[in-house]
Engineer: 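Dumping the structure here so I can ask a few things about it.
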Amino acid sequence: MKFVIQRVKHAEVTVDGNTIGRIGKGYMVLIGVSNCDDEAIADKMLDKMIKLRIFEDENGKTNLSLADVGGELLLISQFTLYANCKKGNRPSFIEVGTPDKAEQLYEYIIDKCKSRVQVVERGEFGADMKVVLLNDGPFTIVLDSEDII
């Protein structure tokens, strides 16, 4: 499982010109699911993401978590995080979880986040989405389950 976490001032996602998710200060997170991911991996990834201390404190040090700043989440399914570009110029997606599995884990992640974060917005699984954000920093972290589990 991979999360690309961007600390944002605000972010929104649209489908067919309609805004379906919008947040203020918080994280816009792209979520990639591989064919070997499960709920236990998702739980560990979520715990790490939510506890990350990447917001600035009163001294300008990145020392505060999402909860400390009342941050919000925008969660976007992004299968292309598992693009394999080792051979040729056309990415292979052989490592991507099946659509059923990926959607089930995406929904699981959203539900789990709602129990820990006050504002959780989302994209639409499988849709052609347009994401607009103001990256704060810029500050972007890549969490890969292979590195934290």
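Heads up: numbering here begins at 1 and tracks the sequence. As a basis for the values below, the full set of heavy atoms in this structure was taken, side chains included, without hydrogen atoms, waters or symmetry mates. Because the structure is predicted, anything quoted here is derived from the model rather than measured.
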Engineer: For Ala83 and Pro91, work out which heavy atoms get closest and say how close.
Structural biologist: CB-CB, 3.9 Å
Engineer: Hey, what else clusters with Ile94 if you join Ile, Leu, Val, Met, Phe, Trp, Tyr whenever side-chain heavy atoms sit under 4.5 Å?
Structural biologist: none
Engineer: Taking the side chain from Asp144 and the backbone from Glu146, do they hold a donor-acceptor pair closer than 3.5 Å?
Structural biologist: yes
Engineer: Spell out, yes or no, whether Tyr108 and Ile50 are grouped together once hydrophobic residues are joined by side-chain heavy atoms under 4.5 Å, including indirect joins.
Structural biologist: no
Engineer: Any donor and acceptor pair, going by atom type alone, linking the side chain of Lys51 with main-chain N or O of Ser65 inside 3.5 Å?
Structural biologist: no
Engineer: Checking side chain to side chain contact (heavy atoms under 4.5 Å, CB included) for the pair Leu133/Val8: CA distance, chi angles, key distance, verdict?
Structural biologist: CA-CA 7 Å; Leu133 60 100; Val8 299; 4.0 Å; yes
Engineer: Can a donor-acceptor pair be found, under 3.5 Å and without considering hydrogens, that links the side chain of Thr19 to the backbone of Gly21?
Structural biologist: no
Engineer: Does a side-chain N-to-carboxylate-O contact under 4.0 Å join Glu95 and Lys2?
Structural biologist: no
Engineer: How far apart are the closest heavy atoms of Val117 and Glu72, and which atoms are they?
Structural biologist: CG1-CA, 4.5 Å
Engineer: Give me the atom names and distance for the closest heavy-atom approach of Ile54 to Thr62.
Structural biologist: O-CG2, 3.8 Å
Engineer: Testing the basics here: between Ser145 and Asp37, what is the closest heavy-atom pair and its distance to 0.1 Å?
Structural biologist: OG-OD1, 3.9 Å
Engineer: Taking atom CG of Asp16 as the centre, does the number of heavy atoms from other residues, nucleotides or ligands within less than 6.0 Å exceed 12?
Structural biologist: no
Engineer: For Ser77 and Tyr106, which heavy atoms make the closest approach, and how far apart are they?
Structural biologist: N-CE1, 3.5 Å
Engineer: Quick check: does any side chain N or O of Thr98 sit under 3.5 Å from a backbone N or O of Lys101, one acting as donor and the other as acceptor?
Structural biologist: yes
Engineer: Which atoms form the tightest heavy-atom contact between Leu66 and Gly26, and what is the distance?
Structural biologist: CD1-CA, 4.0 Å
Engineer: Could you state the interatomic distance from OH (Tyr27) to CG (Leu74), rounded to the nearest 0.5 Å?
Structural biologist: 14.0 Å
Engineer: Using the side-chain contact (heavy atoms from CB on, under 4.5 Å) rule, pick out the option among Leu46, Ile148, Leu75, Val142 that qualifies with Phe3.
Structural biologist: Leu46
Engineer: Counting only heavy atoms not in Lys48 (residues, nucleotides, ligands), do more than 12 fall under 6.0 Å from its NZ?
Structural biologist: no
Engineer: Which residues pass the ring pair (Phe, Tyr, Trp, His ring centres under 6.0 Å) test with Phe125, sequence neighbours left out?
Structural biologist: none
Engineer: Take Arg122 and Glu107 through the side chain to side chain contact (heavy atoms under 4.5 Å, CB included) test and state the conclusion after the steps.
Structural biologist: CA-CA 10 Å; Arg122 57 175 294 155; Glu107 295 297 334; 2.6 Å; yes
Engineer: Between Asp47 and Arg116, is there a side-chain N and carboxylate O pair less than 4.0 Å apart?
Structural biologist: yes
Engineer: Please determine whether the number of non-hydrogen atoms from other residues, nucleotides or ligands lying under 6.0 Å from atom CG of Asn89 exceeds 12.
Structural biologist: no
Engineer: Hey, could you give me the CG/OG distance between Leu81 and Ser34, rounded to the nearest 0.5 Å?
Structural biologist: 11.0 Å
Engineer: Are Val4 and Gln78 side-chain neighbours, meaning at least one heavy-atom pair lies under 4.5 Å?
Structural biologist: no
Engineer: Could you identify which residues cluster with Val96, counting Ile, Leu, Val, Met, Phe, Trp and Tyr as linked when any side-chain heavy atoms lie under 4.5 Å apart, either directly or through a chain of such contacts?
Structural biologist: Phe79, Tyr82, Phe93
Engineer: For Asn135 and Thr140, run side chain to side chain donor-acceptor pair (under 3.5 Å): C-alpha distance rounded to whole Å, both residues' side-chain angles, the deciding distance at 0.1 Å, then the answer.
Structural biologist: CA-CA 8 Å; Asn135 191 313; Thr140 302; 3.1 Å; yes
Engineer: Applying the side-chain contact (heavy atoms from CB on, under 4.5 Å) criterion to Ile20, which one of Glu124, Glu12, Glu121 satisfies it?
Structural biologist: Glu124
Engineer: Between Arg7 and Phe139, is there a donor-acceptor pair closer than 3.5 Å when you use the side chain of the first and the backbone of the second?
Structural biologist: no
